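Data block below; observations after.
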Amino acid sequence: MKRIYLLFMSVAFLMITVNINYAQGVSISDNVEDPHPSSILDISSTNKGLLLPRMTTAQRDAIGSPAESLFIFNTETKCFEIFVDDVWHSLWCAEEDIEFNCGNTVNYEGHNYPTVQIGDQCWFAENLNLGSMIIGVNNQGTSCASVQKYCYDDLESNCNIYGGLYQWNQIMCGSTTDGAQGICPDGWRIPTDEDWKILEGTVDATYGTGDIEWEGTGWRGDNAGCELRTSGTTHWTAPNTCATNNSGFSALPGGYRTSSTGSFSSYQGNGYWWTSTQNGDNAYMRFLSISFTGIYR
């Protein structure tokens with residue numbers, strides 16, 4: 001066993017002890033003591049703590065080839081973050097100390113999602129990209145602890161742009177409750193059928209919230225689809241009729257997975273969104289297309 005006494009100077013002199021026990025490990029402490037036999041590094045103090053590297057998201061993302069399990073504190077999100085499976089994950093965030101205003105970003109599982117105020121509602125302005133990718137021929141589970149996602153054509157790069165594709169049971173985490181949290185972060189929920197009707201009436205030029213127009217199925221509304229889709233043809237295939245995204249909703253066309261075959265279809269042409277509201281043995285959904293001005297229910 002070897003003990004090394006180190007002397008440092010700042011404003012005053014500070015004596016600490018680094019105790020190396022080759023049979024056990026290393027201890028750093030205010031007093032001379034052996035490391036705990038179960039640890040390779042044992043840090044103990046009665047009046048000081050361990051200070052992790054503190055950095056912004058940009059500084060974190062500039063780290064070259066982060067090691068698996070690298071651990072930092074993000075000064076922007078106020079989260080302790082760890083790097084696992086090529087993704088930064090939030091372990092704990094001081095959300096209770098941060099006043100959230102719609103329009104702020106929401107850090108969830110290492111990703112910052114923009115939000116947008118539309119009428120009296122607050123929506124994510126980006127599709128969730130949560131979970132581990134599985135190939136399309138397999139069915140997803142229902143666990144919130146190990147979320148599974150599809151990426152169009154089984155390419156993770158498509159999830160990075162258009163978000164993940166999910167089966168209803170997976171986004172609901174096995175729940176059948178209207179308005180369930182599902183795979184959403186705390187304080188958020190899978191939108192209900194009624195939530196969508198309010199959104200549609202808020203952005204449409206002709207049919208307001210509460211109009212009987214929104215009770216129908218099929219294509220509904222005047223220009224609500226135009227107001228929700230991102231404009232241009234960077235992500236949507238031409239003609240992307242009348243798309244303005246005046247609402248800021250920023251809908252993108254991630255396509256869908258066919259349940260019977262596990263194949264993918266409609267990428268860059270159509271976007272599909274689940275609701276948490278059941279309709280018999282099915283659930284209501286919404287559908288936006290490059291060629292229609294309304295919204296399909």
Side-chain angles (χ1 to χ4, degrees), residues 61 65-66 68 83-89 106 108-114 123-174 182-185 190-191 196 219 225-226 228-243 245 249-276 282-292 295-297:
D61 292 343
S65 302
E68 186 85 351
F83 191 78
V84 178
D85 291 336
D86 295 325
V87 175
W88 285 100
H89 298 272
V106 175
Y108 186 40
E109 295 296 327
H111 185 86
N112 288 320
Y113 291 95
W123 292 81
F124 270 32
E126 183 178 319
N127 291 331
L128 278 177
N129 181 19
L130 179 71
S132 301
M133 190 189 83
I134 62 171
I135 60 175
V137 295
N138 295 327
N139 283 318
Q140 295 171 350
T142 60
S143 171
C144 265
S146 55
V147 176
Q148 297 175 323
K149 67 182 179 183
Y150 302 118
C151 297
Y152 198 92
D153 280 347
D154 296 327
L155 296 174
E156 185 82 39
S157 57
N158 285 327
C159 275
N160 294 336
I161 298 173
Y162 298 98
L165 301 176
Y166 302 93
Q167 293 177 300
W168 190 76
N169 287 331
Q170 174 63 98
I171 67 158
M172 296 289 287
C173 295
I183 64 173
C184 297
I190 305 298
W196 270 93
W219 290 104
C226 311
L228 299 180
R229 297 199 312 272
T230 54
S231 59
T233 55
T234 299
H235 299 295
W236 293 85
T237 303
N240 198 16
T241 303
C242 78
N245 194 33
F249 187 81
S250 304
L252 290 177
Y256 68 91
R257 167 192 173 269
T258 303
S259 59
S260 59
T261 64
S263 61
F264 299 91
S265 184
S266 295
Y267 166 74
Q268 295 188 328
N270 302 317
Y272 301 83
W273 291 265
W274 284 117
T275 79
S276 56
N282 300 304
Y284 283 110
M285 47 77 73
R286 293 302 190 273
F287 164 29
L288 298 175
S289 174
I290 55 174
S291 302
F292 291 88
I295 299 179
Y296 192 97
R297 174 177 181 253

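The analysis underlying the following values was restricted to heavy atoms, covering all of them including side chains, and did not include hydrogens, waters or symmetry mates. Every value quoted in this text rests on a predicted model; they were computed, and no experiment measured them.
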Requested in this report: Step through the shown structure and confirm whether more than 12 heavy atoms of other residues, nucleotides or ligands are within 6.0 Å of OH on Tyr296.
Outcome: no
Query raised in the report: Where do Trp219 and Phe287 land on the side chain to side chain contact (heavy atoms under 4.5 Å, CB included) test, with the steps shown first?
Result: CA-CA 9 Å; Trp219 290 104; Phe287 164 29; 3.8 Å; yes
Query - With sequence neighbours excluded, residues passing ring-ring contact (aromatic ring centres under 6.0 Å, His included) with Tyr284 - result: none
Query raised in the report: What closest approach, in Å, do Asp153 and Phe264 show between heavy atoms, and which atom pair accounts for it?
Result: N-CD1, 3.4 Å
Requested in this report: Measure from the side-chain N and O atoms of Gln170 to the backbone N and O of Ser143, and report whether any donor-acceptor pair falls under 3.5 Å.
Outcome: yes
Query raised in the report: Judged by atom type as modelled, is there a donor-acceptor pair below 3.5 Å linking the side chain of His89 to the main-chain atoms of Val84?
Result: yes
**Report entry** Test item: Asn240 side-chain N/O and Ser289 main-chain N/O as donor-acceptor pair under 3.5 Å
**Finding:** no
Report summary line: Cys159 meets the disulfide (SG to SG under 2.5 Å) criterion, sequence neighbours left out, with Cys151
Query raised in the report: Does the ring centre of Trp274 sit less than 6.0 Å away from the ring centre of Trp196?
Result: no
Query raised in the report: Does any non-hydrogen side-chain atom of Met285 lie less than 4.5 Å from one of Arg297?
Result: no
Report task. Give the intermediate values and the outcome of side chain to side chain contact (heavy atoms under 4.5 Å, CB included) for residues Ile134 and Lys149. Result -> CA-CA 6 Å; Ile134 62 171; Lys149 67 182 179 183; over 6 Å; no
Requested in this report: Give a yes or no answer on whether the side chain of Tyr113 reaches the backbone of Asn129 with a donor-acceptor pair at less than 3.5 Å.
Outcome: yes
Report summary line: Sorted by chain and residue number, the side-chain contact (heavy atoms from CB on, under 4.5 Å) partners of Gln167 (sequence neighbours excluded) come out as Asn139, Gln140, Tyr150, Arg257
Report task. Please work out whether the ring planes of Phe249 and Trp273 are parallel, tilted or perpendicular, with thresholds of 30° and 60°. Result -> perpendicular
Report summary line: Sequence neighbours excluded, the answer for side-chain contact (heavy atoms from CB on, under 4.5 Å) partners of Thr237 is Gln268, Ile290
Query - For Thr241, side-chain contact (heavy atoms from CB on, under 4.5 Å) partners two or more places apart - result: Arg229, Pro239, Thr293
Query - Ala251 to Leu288 - nearest heavy-atom pair and separation - result: CB-CD1, 3.6 Å
Query raised in the report: Under 3.5 Å, is there a donor-acceptor pair between the side chain of Asn245 and the main chain of Ser250?
Result: yes
**Report entry** Separation of Leu130 CG from Cys184 SG (nearest 0.5 Å)
**Finding:** 9.0 Å
Query raised in the report: Taking atom types as modelled and ignoring hydrogens, do the side chains of Asn282 and Trp168 form a donor-acceptor contact shorter than 3.5 angstrom?
Result: no
**Report entry** Heavy-atom pair of closest approach, residues Gly182 and Cys144
**Finding:** O-SG, 3.3 Å
Report summary line: Between Ile190 and Ser276 the two heavy atoms that sit nearest each other are O-OG, 3.2 Å
Query - Interatomic spacing from CG in Asn138 to CD in Gln148 - rounded to 0.5 Å - result: 8.5 Å
Requested in this report: Identify the two heavy atoms, one from Val147 and one from Tyr166, that lie closest to each other, and give their separation to 0.1 Å.
Outcome: CG1-CE2, 4.0 Å
Query raised in the report: Measuring from Tyr162:OH to Leu155:CG, what's the distance to the nearest 0.5 Å?
Result: 12.0 Å
Query - Main-chain N/O of Trp236 paired to Thr233 side chain as donor or acceptor, under 3.5 Å - result: no
Query - Residues in side-chain contact (heavy atoms from CB on, under 4.5 Å) contact with Thr234, at least two apart in sequence or another chain - result: none
Report task. Evaluate the side-chain proximity of Phe124 to Pro185: yes if any heavy-atom separation is below 4.5 Å, no if none is. Result -> yes
Requested in this report: Would you tell me whether Thr261 and Ser263 have side-chain atoms, one donor and one acceptor, within less than 3.5 Å of each other?
Outcome: yes
**Report entry** Closest non-hydrogen atom pair, Tyr272 against Ser266
**Finding:** OH-OG, 3.8 Å
Requested in this report: Drop me the distance from Leu165's CG to Met133's CE, to the nearest 0.5 angstrom.
Outcome: 11.0 Å
Query raised in the report: Centroid-to-centroid, Tyr152 to Tyr256, below 6.0 Å?
Result: no
**Report entry** Residues Ile183, Leu128; criterion side chain to side chain contact (heavy atoms under 4.5 Å, CB included); working and verdict
**Finding:** CA-CA 9 Å; Ile183 64 173; Leu128 278 177; 3.9 Å; yes
Requested in this report: Report yes or no: does Asp154 contribute a side-chain atom to a donor-acceptor pair with the main-chain N or O of Gly136 at less than 3.5 Å?
Outcome: yes
